[in-house]
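Here the structure is laid out as structure tokens; the discussion comes afterwards.
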Amino acid sequence: MYSLIRKLLFQLDAERAHHLSLSAMRWAGQTPIMHTMLQKWYAMQHPCLETNAFGLHFANPVGLAAGYDKNGIATQGLAALGFGHVEIGTLTRLPQIGNPKPRLYRIIKSNAIINSLGFPNEGVEAFLARAKSEEPRVKSQELRLQNTDLTPSTQHFIQGINIGKGKDTPIERASEDYVALLRQVAPYANYVTVNISSPNTLGLRQLQAREMIEGLLKAVMAERQTLAITLGQRPVPILVKIAPDLTSDELDDVLAAIMTAGADGVIATNTTIGRLDIPKSFVALKGGLSGRPLRYLSTEMIRLIYKRTAGKLPIIGVGGIDSADAAIEKIRAGASLVQVYTGMVFTGPSLAKQINRGLIRECKRLGLKNVVELRGQD
Ligand SMILES: Cc1cc2nc3c(=O)[nH]c(=O)nc-3n(C[C@H](O)[C@H](O)[C@H](O)COP(=O)(O)O)c2cc1C
């Protein structure tokens, strides 16, 4: 079925096709009968899939990566595709239109995408206005927020919110953006991701340098502590999303900063500025490469992070996952959870189900009670 839909979608400009799919998922999420049907069809429930990470309970370890639903307009529909968590964003303080088009290319031969979108999004205020007006959604979030301790519950998905520096914010003032965004989104987030690794916002990746990340995380962690007191809630988990292009020394610096600041985990990885395994005609395109060519690069980053932190830092593994085997590879390298984006564009909406089904099969084959036992096996 999806091969037919894919043929039609791939006739369209990539951004147009994306908006169409997103609108369909928004509609499905808001239409009770469609929502129920999707859940029945795609959701997988099994004790071996249930995962705890950074104090949150996930019905399964497969999530939708940031960038797919930048404004958080279709989270209910997307979650119904069987994801244990959905990460929305990247949100910035002000609305921004992103980089000039064309800025999104499918590389069909390589199951890959190059994008140079540059965080086009409606801005955090629009997100908040929608979150406040969509009563049922806010309610379900409140339920989830009460449910952030380790209470098993398979009814609700976890919502992460990914935040980033605005295009016009000078790099020296980036912390102000992240702190303000954290303050605004925390009541709607089960976890918040500090994105310092998109290659499409000038200077953003500089925030991964030691002095920069130390200052940034200090400010962010202080704010989340203040918020926890003000809101009377457990501190919202803070994750840091990193690039696959860091050198070994740079990675050490980033990990040291994350551990010192007491952030809760790391998302590895964002897109790469490298140009591995793609046809020559695409090599010169600007932007970040994702999908199959990124798979091993991101797995190796996960392996390094797991080793260097002795497995103490929870990792969400992302990059080139388009099958259960690819997800298992990331978990065996050290990931607690995984995320997909490009894989879903090429494989279709059943990807989370396929992966979860494969994880159950693997647990049974190896006689494991829970997928967590696979973590770091390699
Ligand atoms: C079109 C597109 C837009 C993206 N936008 C964002 C974004 O706004 N914020 C972010 O943190 N990552 C973004 N990403 C990166 C993905 O979340 C993910 O880290 C990366 O694509 C690797 O996973 P994949 O190979 O499964 O796509 C984007 C990726 C793509 C393909």
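First listed ligand is number 1; within each ligand, the first listed atom is number 1.
Aromatic pair Phe346/Phe10: centroids less than 6.0 angstrom apart. Outside the 6.0 Å centre-distance limit, the rings of His85 and Phe157 are not counted as a close aromatic pair.
When non-hydrogen atoms are compared, ligand 1 lies under 4.0 Å from the side chain of Lys241 (C-beta onward) but not from its backbone. With a heavy-atom cut-off of 4.0 Å, Lys70 touches ligand 1 through its side chain alone. At a heavy-atom cutoff of 4.0 Å, ligand 1 is contacted by the side chain of Leu104 but not by its backbone. At a 4.0 Å heavy-atom cut-off, ligand 1 touches Asn270 through backbone and side chain alike. Heavy atoms of Thr269 found under 4.0 angstrom from ligand 1 belong exclusively to the backbone. Within the 4.0 Å heavy-atom criterion, both parts of Thr90, backbone and side chain, lie near ligand 1.
Between atom CG of residue Leu78 and atom CE of residue Met344 there is a gap of 6.0 Å, rounded to the nearest 0.5 Å. Note that NZ of Lys330 is 3.0 Å distant from OG of Ser298, once rounded to the nearest 0.5 Å. Of the inter-residue distances, the one linking Gln159 atom CD with Leu56 atom CG reads 12.0 Å to the nearest 0.5 angstrom.
The closest protein non-hydrogen atom to atom 20 (C) of ligand 1 is Thr271 CG2, 3.9 Å. When only non-hydrogen protein atoms are considered, atom 3 (C) of ligand 1 lies nearest to Tyr341 CE1, 3.6 Å.
The cluster map of Ile, Leu, Val, Met, Phe, Trp and Tyr, joined by side-chain heavy atoms under 4.5 Å apart, puts Val338 and Ile360 in the same cluster.
Every atom of ligand 1 is numbered from 1 in the order shown, and the set under 4.0 Å from a heavy atom of Leu294 is 22 (C). Less than 4.0 angstrom separates some heavy atom of Gly67 from each of these atoms of ligand 1: 4 (C), 5 (N), 6 (C), 7 (C), 8 (O). Heavy-atom contacts of Val318 reach the following atoms of ligand 1: 18 (C), 19 (O), 22 (C), 23 (O) (cutoff under 4.0 Å). Residue Asn162 has at least one heavy-atom neighbour below 4.0 Å for each of these atoms of ligand 1: 10 (C), 11 (O). Within ligand 1, counting atoms from 1 as listed, the ones closer than 4.0 Å to a heavy atom of Gly319 are 22 (C), 23 (O), 25 (O). The distance from ligand 1 to the heavy atoms of Gly320 drops below 4.0 Å at these ligand atoms: 24 (P), 25 (O), 26 (O). Below 4.0 Å from some heavy atom of Leu117 lie the following atoms of ligand 1, by number and element: 1 (C), 3 (C).
In terms of heavy atoms, Ala66 sits closest to Tyr341 at O-CD1, 3.6 Å. Between Gly123 and Asn71, the shortest heavy-atom contact is N-OD1, 4.4 Å. Closest non-hydrogen pair, Pro244 versus Thr269, comes out as CB-OG1, 3.6 Å.
Two residues are said to be in side-chain contact when any heavy atoms from C-beta on lie closer than 4.5 Å; Ile355 and Val340 meet this criterion. Looking at heavy atoms from C-beta onward, Asp177 lies out of side-chain contact with Thr92 at the 4.5 angstrom threshold.
Note: an N/O pair closer than 3.5 Å links Gly291 and ligand 1 by distance alone. The N/O atoms of Asn115, backbone and side chain alike, include none that comes under 3.5 Å of an N/O atom in ligand 1. Taking only nitrogen or oxygen atoms, main chain and side chain alike, Thr342 reaches within less than 3.5 Å of ligand 1.
Neither side chain, Glu250 nor Gln208, offers a donor N or O lying under 3.5 Å from an acceptor on the other.
Within the structure, ligand 1 lacks Asp322 among the residues with a heavy atom less than 4.0 angstrom away. The shell of residues lying under 4.0 angstrom from ligand 1, judged by heavy atoms, excludes Ser198.
Taking only non-hydrogen atoms, the option from Ser290, Ser197, Ala66, Gly63 nearest to atom 13 (C) of ligand 1 is Ala66.
Atom CG of Leu12 has more than 12 heavy atoms from other residues, nucleotides or ligands within 6.0 Å.
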